*Asks:* 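Quick one: the structure is below, questions incoming.
None of these values were measured; they are calculated from a predicted model.
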Amino acid sequence: MEYAQWPALALYRGDFLEESPYAEWAGEERERLLTEYLTAAERLARLWVTQGDYERGARWANAVLAKDPLWEEAYALLMECQWKQGNRALAVRTYDRCRKRLRESLGVEPSPRTTALFEAISRT
């Protein structure tokens, strides 16, 4: 992964005290650090997408989803990358995966923005 522009992302080496997952006192800090990493990785993915580098954008969106499979914005970025790379079918499957995970885990549907992107992809 490219850390040159975002060296702070290279500092994230995994969950805080992951060798002690039951240390309750560390849970809040573990969650905070993970959220910071995911937010920065999402921003980097978005930056690559706005610059038209869909391969790198997809890589970072996938990095987010590897750590948090319910991070909806990463699905939307990944769908956009796949679509712009000419793989509409893969973008539709990504939307289906997003929808299924959100429904099963949280009991919610994708946001109107993610659904609108799916509909735009489906119309092309």
*Asks:* Quick one: CD on Glu73 to CG on Leu65, what's the gap to the nearest 0.5 Å?
*Replies:* 10.5 Å

*Asks:* Which heavy atom in Gly57 sits nearest to a heavy atom in Ala45, and how many Å separate them?
*Replies:* O-CB, 3.6 Å

*Asks:* Tell me who clusters with Phe118, hydrophobic residues only, linked when side chains sit under 4.5 Å apart either directly or through other members.
*Replies:* Met79, Trp83, Val92, Tyr95, Leu117, Ile121

*Asks:* Which atom pair, heavy atoms only, marks the closest approach of Trp71 to Thr35?
*Replies:* CH2-O, 4.3 Å

*Asks:* Does Leu102 offer a backbone N or O that forms a donor-acceptor pair with the side chain of Ser105 under 3.5 Å?
*Replies:* no

*Asks:* Is the closest side-chain heavy-atom distance between Glu36 and Leu38 below 4.5 Å?
*Replies:* no

*Asks:* Glu42 and Val64: which non-hydrogen atoms are nearest, and at how many Å?
*Replies:* N-CG2, 3.8 Å

*Asks:* First locate atom CZ of Arg103, then atom CZ of Arg99, and finally report the distance between them rounded to the nearest 0.5 Å.
*Replies:* 4.0 Å

*Asks:* Applying salt bridge (Lys or Arg N to Asp or Glu O under 4.0 Å), name anything that partners Arg97, two or more places apart in sequence or on another chain.
*Replies:* none

*Asks:* Can you find a pair of side-chain heavy atoms, one from Trp60 and one from Trp48, that are under 4.5 Å apart?
*Replies:* yes

*Asks:* Check the side chains of Arg101 and Tyr75 for a donor-acceptor pair under 3.5 angstrom, ignoring hydrogens and angles.
*Replies:* yes

*Asks:* List the atom of Cys98, the atom of Glu72, and the distance in Å for their closest heavy-atom pair.
*Replies:* SG-CG, 4.1 Å

*Asks:* In sequence, state the C-alpha distance, the side-chain angles, and the governing distance for Leu78 and Gln82, and then conclude on side-chain contact (heavy atoms from CB on, under 4.5 Å).
*Replies:* CA-CA 6 Å; Leu78 183 58; Gln82 293 163 335; 3.5 Å; yes

*Asks:* Looking at every heavy atom in both Arg46 and Leu77, which two are closest together, and how far apart are they?
*Replies:* CA-CD2, 3.9 Å

*Asks:* Could you state the interatomic distance from CD (Glu55) to SG (Cys81), rounded to the nearest 0.5 Å?
*Replies:* 10.0 Å

*Asks:* Over all heavy atoms of both residues, which pair between Ala76 and Arg113 is shortest? Give the atoms and the distance, please.
*Replies:* CB-NH1, 4.0 Å

*Asks:* Calculate, to the nearest 0.5 Å, the distance between atoms CG and CG belonging to Asp68 and Leu34 respectively.
*Replies:* 6.5 Å

*Asks:* With rounding to the nearest 0.5 Å, note down the distance linking OH in Tyr54 to CD in Gln85.
*Replies:* 9.0 Å

